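No experiment lies behind these values; they were computed from the predicted model shown.
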Amino acid sequence: MRWRDPEAGMQYPSDFIPVLENAGLLWKADLAIFERVCSFQERALASDIHPVPVSFNISRFDILHDDYAVSLEEIRKRHGVPVRLLHAEITESSVIGGPERVSAFVSGLQEIGYKVEMDDFGSGYSSLNVLKDLPFDFIKLDMRFFSGGMTGRGGAIINAVVQMARWLHTPVIAEGVETGPQADFMESIGCSYIQGYLYSKPVPEEEFRGKLENSASEPVAPAIELPEEMDAGKFWDPSSMETLIFNSYVGGAAIISLRRGRIEILRVNRKYSKEIGLSMSEQEVMRLDALGTMDTDNRRVYLDALRRASETGEEQSCETWRTVRSKCCGSDRICVRSFIRELGRAGDQAFYYVMVQNITAEKKSYDELIRSEKRYHYAAEHDSSFAWEYDIRTHEMRPCSRCIRELGLPSVIRDYPEPVIRSRLFQPDFADEYREWHRKLEDGVPYLEDVMLLTDERIPFRVAYTNEFDEAGRPLRAYGSATPVSTGEKKKE
């Protein structure tokens with residue numbers, strides 16, 4: 001509500017609302033605003049604009065005025081506006097002194113079909129009682145309550161409020177959001193809607209109409225360098241470096257709690273939702289029963305990783321298969337690699353920072369390669385070829401059974417290829433070339449092949465490598481083979 005005075009200029013609510021209250025005229029001003037809202041929605045419905053719900057204020061003076069709801073309905077019906085396009089907004093302070101009358105008023109509006117929002121939650125002194133006694137459809141969290149500075153303590157309180165609202169199945173609207181980090185923080189802890197100067201200041205009707213016709217993009221925070229240490233408490237501070245990293249820089253990440261064998265997802269970033277897939281929003285992901293998506297064996301693996309993270313104080317990892325369902329995409333079975341670190345404890349509740357990678361494609365590809373390798377090894381057992389697997393990340397080589405049996409190799413060779421070069425399995429004049437091959441495999445060369453002389457007998461073998469990549473295109477492991485050169489084939493001397 002704004003008053004454009006021809007002489008004094010723009011007058012704000014704080015200038016004239018007290019005058020209307022003292023004169024007992026505020027209810028008339030509120031009805032006049034409601035009439036303007038209905039008129040706008042009527043014109044929007046008649047044009048090409050896609051209408052969105054608009055909230056209108058109801059003060060304690062309106063509630064005390066007899067037949068106020070009847071007056072609202074007369075205006076709405078006169079303009080032919082569907083009730084779904086109008087949300088009633090009642091301040092928390094309106095409840096003080098008359099909760100029974102407010103409860104009856106709210107219930108009456110809901111029976112008609114209005115969605116009712118509780119405004120300025122957190123700014124009064126009876127928030128929990130109000131939330132308990134009145135059946136509001138939305139809670140508007142007043143960020144001005146934390147105007148003294150969004151510290152980790154303040155962020156933890158906001159998170160607790162949002163979690164409490166989730167348990168009550170009541171969506172939360174954060175109002176008064178002014179910065180990108182604040183918006184990212186509220187979204188990551190499960191806040192359904194965000195409102196504030198970050199997106200728009202109050203604007204005249206014609207400018208609002210333009211915003212409906214041309215929706216704006218959300219601000220994007222720049223990528224930053226990841227510091228070595230993170231302060232766990234700062235994950236609840238929307239302005240902290242930790243929160244900016246969580247939302248903007250790291251991959252799929254979540255903060256979870258474990259209490260009495262039950263896991264609850266407290267925060268997720270957008271990348272976490274993308275890793276899980278199925279076009280799920282952050283709010284849908286947070287509503288998942290994390291352990292319920294796993295069978296008994298995978299659940300045991302995951303809980304064991306959490307236990308090890310708590311006992312060691314170090315990052316632990318695990319891989320678990322999960323069956324995830326979404327409303328739009330049905331269900332899918334995915335494999336998730338999790339990196340877990342404990343953030344802290346509160347009584348019997350532990351908090352963890354979890355980074356995830358969806359490795360479903362990698363696992364399926366690997367399983368197929370294992371089947372292919374088994375067929376290849378079986379065939380190799382019946383000829384004179386040797387085969388092995390080389391892990392590019394760990395530099396570990398796992399030879400086939402024939403390599404172990406005939407060449408005396410161990411089941412795992414670390415720091416490969418140096419041990420086989422020192423043993424003269426690969427001859428010194430081929431050592432540098434073979435080392436260069438492994439550097440090329442790390443760089444992503446898909447295939448290598450050449451004739452080399454192996455063992456002190458300098459027997460010519462055709463040596464080949466085939467590189468395997470993960471779903472991000474990074475080299476993962478390579479499969480090597482050495483086949484004796486057939487008679488008449490050119491040898492490399």
Side-chain angles (χ1 to χ4, degrees), residues 1-4 10 12-13 16-17 20 26-63 65 68-92 94 102 105-106 108-121 135-144 170-178 183 186 191-216 218:
M1 189 185 296
R2 300 288 186 270
W3 175 20
R4 292 173 175 169
M10 182 69 76
Y12 294 93
F16 57 83
I17 290 294
L20 294 173
L26 185 58
W27 68 276
K28 287 189 174 182
D30 286 342
L31 283 180
I33 292 296
F34 183 71
E35 176 105 42
R36 291 286 298 273
V37 171
C38 288
S39 175
F40 176 84
Q41 295 290 54
E42 180 182 18
R43 283 179 277 115
L45 288 166
S47 67
D48 294 332
I49 298 177
H50 179 69
V52 297
V54 174
S55 301
F56 60 95
N57 292 99
I58 293 179
S59 69
R60 63 179 182 272
F61 300 98
D62 301 334
I63 296 172
H65 195 277
Y68 190 81
V70 174
S71 299
L72 293 175
E73 276 298 274
E74 288 176 351
I75 295 171
R76 182 186 71 82
K77 290 179 179 178
R78 184 165 68 250
H79 290 277
V81 178
V83 72
R84 62 180 174 81
L85 294 178
L86 301 165
H87 288 189
E89 194 171 283
I90 300 176
T91 60
E92 181 184 345
S94 299
V102 174
F105 186 84
V106 169
L109 290 179
Q110 290 173 328
E111 287 176 5
I112 297 170
Y114 288 95
K115 297 294 183 182
V116 183
E117 305 165 356
M118 184 172 79
D119 194 20
D120 294 340
F121 181 82
F136 289 99
D137 299 293
F138 292 87
I139 295 171
K140 297 194 72 174
L141 184 61
D142 186 6
M143 300 290 283
R144 291 171 297 176
T170 306
V172 173
I173 303 171
E175 61 175 340
V177 174
E178 297 183 353
M186 294 307 298
C191 186
S192 303
Y193 305 96
I194 298 172
Q195 167 188 329
Y197 275 26
L198 173 64
Y199 301 107
S200 176
K201 62 181 181 180
V203 295
E205 179 182 310
E206 56 272 16
E207 189 172 340
F208 178 67
R209 179 188 178 101
K211 288 181 177 293
L212 289 182
E213 293 173 337
N214 303 289
S215 60
E218 288 187 73

Mind checking the [atom1]-[atom2] spacing from [X] to [Y]? Nearest 0.5 Å is all I need.
X: Cys38; Y: Glu74; atom1: SG; atom2: CD; value: 12.0 Å
X: Glu117; Y: Ser55; atom1: CD; atom2: OG; value: 3.5 Å
X: Leu72; Y: Lys77; atom1: CG; atom2: NZ; value: 11.5 Å
X: Glu205; Y: Arg36; atom1: CD; atom2: CZ; value: 6.0 Å
X: Ser71; Y: Phe34; atom1: OG; atom2: CZ; value: 10.0 Å

Do [X] and [Y] have side-chain heavy atoms sitting under 4.5 Å apart?
X: Tyr68; Y: Ile63; value: no
X: Ser200; Y: Gln195; value: no
X: Arg209; Y: Phe40; value: yes
X: Ile90; Y: Asp119; value: no
X: Leu20; Y: Trp27; value: no
X: Asn57; Y: Ile33; value: no

For the backbone of [Y] and the side chain of [X], can you confirm whether one donor and one acceptor N or O come within less than 3.5 Å of each other?
X: Ser47; Y: Arg43; answer: yes
X: Asp30; Y: Ile58; answer: no
X: Arg76; Y: Val81; answer: yes
X: Gln41; Y: Leu85; answer: yes

Working for side-chain contact (heavy atoms from CB on, under 4.5 Å), residues Leu141 and Glu175: CA-CA 6 Å; Leu141 184 61; Glu175 61 175 340; over 6 Å; no
Looking at [X] and [Y], what are the two nearest heavy atoms and their distance?
X: Pro82; Y: Leu45; result: CD-CD1, 3.6 Å
X: Leu26; Y: Ser59; result: CD2-OG, 3.6 Å
X: Ala69; Y: Leu109; result: CB-CD2, 4.3 Å

Aromatic contact, Phe138 with His87 (centres under 6.0 Å): yes
Under 3.5 Å side-chain donor-acceptor pair for Glu73 and Tyr114: yes
Donor + acceptor pair across side chains of Gln110, Lys115 (<3.5 Å): no
side-chain contact (heavy atoms from CB on, under 4.5 Å) between Phe16 and Met1, intermediate numbers included: CA-CA 10 Å; Phe16 57 83; Met1 189 185 296; 3.4 Å; yes
Verdict with reasoning, Tyr193 to Val172, per side-chain contact (heavy atoms from CB on, under 4.5 Å): CA-CA 6 Å; Tyr193 305 96; Val172 173; over 6 Å; no
Among Glu89, Lys140, Met118, Met186, side chain to side chain contact (heavy atoms under 4.5 Å, CB included) partner for Ile173: Lys140
